[in-house]
Amino acid sequence: MDETLVAVKDVKKYYRLQKGFFSRKSLWVKAVDGVSLEIRKGETLGLVGESGCGKSTLGRLILRLEEPDEGTILFEGRNILEADAEGMKALRRQVQVIFQDPYSSLNPRKKVSSIIGEPFAIHGLAGGKEREEKIIELMEVVGLRPEQRNLYPHQFSGGQRQRIGIARALALRPKLIIADEPVSSLDVSIQAQIVNLLIDLQSQFGLTYLFISHDLNLIEYVSDWVAVMYLGKIVEWAKQEVIYEKPIHPYSEALFSASPSLDPLAKKERIPLEGDVPSPINPPPGCHFHTRCPLRIDRCSKEEPPLTPRPNGSLVACHVR
């Protein structure tokens, strides 16, 4: 039995920059540049990397909120890029999203009952009393009181608003939820509550998560697998315990060394990197990381390394290691 729910294969997404009227040269931002990965049923894939590396863009491509320029995206073995409008409507029931900002992702003019009940209305499911019962059930599942259903979003705290967003995402009982920085805009005291809620819901409903975040401690806590992204490419992909114990790619190693440890007695040696992240408009040839890599060799600037298996089960894109 194939346990793969989502398979992304060689996906690219380039954005054309608007130039002046007399300019003949087009410039392209290579946001996602040939990414391949898999998300297994019932598990969580944590996607990490520096800001601007293409994490959120990849999430939007899987949701088909944006169209890739190349590649395929398979959901339960079917290429969703070939789906028509009717096929995409059916897919929307299976794939949902939790947005980063619980303030802007909720319609301020609608009551909570309308927000949570909207998926039922769009898909023609559960009307009248049945819909009201399902809304109350969803609110209780995410830790909200049923009597709050007639309030507006501005009457809730940030954590409560995110619970509303989670309830909306759960309404159609999806198989995959893409959580794009779901707690980064919340107070630290609330973040743990929301993360633990998501973990409990995964166990309760058999959910699969793509968890996008720059918080490495959070990713360690929630993930079964971790993919590290740099300048539009996956540079390392491994089981959570493997990559956190000993990352192989020089970028992964430097990234994890910069994350503060939750253990006050732990001693961690910081690995500094040279320079800044290159522009995605003009990424370096060969390995995109070679301009900052302390281990680079001549081959790194000429030949792009493929993701290849390592003895510990990781997939790593590196000529040196």
Side-chain angles (χ1 to χ4, degrees), residues 1-17 26 28-47 49 53-100 105 118-126 165 168-180 182 202 205-212 224-225 227 229 231-235 237 280 283 304 306-309 315 317:
M1 179 179 176
D2 186 4
E3 292 300 316
T4 299
L5 183 66
V6 178
V8 177
K9 299 182 179 181
D10 301 318
V11 166
K12 295 183 179 181
K13 180 62 180 179
Y14 296 173
Y15 296 99
R16 184 175 181 176
L17 293 183
S26 295
W28 299 84
V29 176
K30 298 180 178 180
V32 175
D33 196 11
V35 166
S36 297
L37 54 79
E38 293 181 354
I39 309 174
R40 301 186 180 187
K41 293 178 182 177
E43 296 186 341
T44 299
L45 172 65
L47 186 60
C53 70
K55 306 187 297 297
S56 294
T57 301
L58 181 59
R60 291 195 297 271
L61 294 175
I62 296 174
L63 287 161
R64 259 193 90 177
L65 297 178
E66 297 192 42
E67 297 295 322
D69 299 313
E70 294 182 22
T72 59
I73 301 174
L74 305 180
F75 183 85
E76 294 186 319
R78 300 188 301 273
N79 186 1
I80 68 171
L81 303 180
E82 298 175 350
D84 56 15
E86 196 64 29
M88 280 308 303
K89 186 174 182 179
L91 179 71
R92 300 293 183 209
R93 296 180 59 176
Q94 306 296 325
V95 184
Q96 289 292 314
V97 60
I98 300 171
F99 294 101
Q100 175 180 356
S105 62
E118 189 172 25
F120 298 119
I122 291 173
H123 291 272
L125 303 172
R168 179 177 58 186
L170 283 175
L172 301 177
R173 295 293 189 266
K175 295 180 180 178
L176 173 69
I177 290 182
I178 297 178
D180 188 2
Q202 182 175 37
F205 297 106
L207 298 170
T208 303
Y209 288 140
L210 172 61
F211 211 103
I212 301 170
D224 299 289
W225 295 80
M229 199 166 181
L231 213 59
K233 293 183 178 292
I234 302 295
V235 297
W237 178 24
E304 181 182 331
L307 275 171
T308 53
L315 292 174

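The analysis underlying the following values was restricted to heavy atoms, covering all of them including side chains, and did not include hydrogens, waters or symmetry mates.
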Is it true that atom CD of Glu67 has more than 12 heavy atoms of other residues, nucleotides or ligands lying nearer than 6.0 Å?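 Yes.
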Where [X] and [Y] come nearest, the two heavy atoms and their spacing:
{"X": "Val11", "Y": "Pro68", "answer": "CG1-CB, 3.8 Å"}
{"X": "Gly59", "Y": "Ile212", "answer": "CA-CD1, 4.2 Å"}
{"X": "Arg168", "Y": "Pro119", "answer": "O-CG, 3.8 Å"}
{"X": "Pro283", "Y": "Lys30", "answer": "CG-CD, 3.9 Å"}
{"X": "Ala169", "Y": "Ile98", "answer": "CB-CG1, 4.1 Å"}
{"X": "Gly71", "Y": "Leu81", "answer": "O-CD1, 3.3 Å"}

Side chains of [X] and [Y]: closer than 4.5 Å at any heavy-atom pair?
{"X": "Trp225", "Y": "Leu37", "answer": "no"}
{"X": "Phe211", "Y": "Pro182", "answer": "yes"}
{"X": "Met229", "Y": "Val32", "answer": "yes"}
{"X": "Ile73", "Y": "Arg64", "answer": "no"}
{"X": "Val8", "Y": "Ser36", "answer": "no"}
{"X": "Ser56", "Y": "Gln100", "answer": "no"}

In this structure, which one of Glu304, Lys12, Lys13 forms a side-chain contact (heavy atoms from CB on, under 4.5 Å) with Asp33?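 So the option named by the test is Lys12.
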Single hit among Val97, Val6, Leu91 for side-chain contact (heavy atoms from CB on, under 4.5 Å) with Leu176: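 Filter result, single survivor: Val6.
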What distance do [X] atom [atom1] and [Y] atom [atom2] have between them, rounded to the nearest 0.5 Å?
{"X": "Leu172", "Y": "Ile122", "atom1": "CG", "atom2": "CD1", "answer": "8.5 Å"}
{"X": "Thr4", "Y": "Glu43", "atom1": "OG1", "atom2": "CD", "answer": "9.5 Å"}
{"X": "Met88", "Y": "Glu82", "atom1": "CE", "atom2": "CD", "answer": "12.5 Å"}
{"X": "Leu47", "Y": "Ile39", "atom1": "CG", "atom2": "CD1", "answer": "8.5 Å"}
{"X": "Glu38", "Y": "Leu5", "atom1": "CD", "atom2": "CG", "answer": "11.0 Å"}
{"X": "Glu3", "Y": "Arg40", "atom1": "CD", "atom2": "CZ", "answer": "8.5 Å"}

Any donor-acceptor pair under 3.5 Å from [X] side chain to [Y] backbone:
{"X": "Gln202", "Y": "Leu207", "result": "yes"}
{"X": "Lys41", "Y": "Thr208", "result": "no"}
{"X": "Asp69", "Y": "Tyr14", "result": "yes"}
{"X": "Asp224", "Y": "Thr44", "result": "yes"}
{"X": "Arg92", "Y": "Leu63", "result": "yes"}

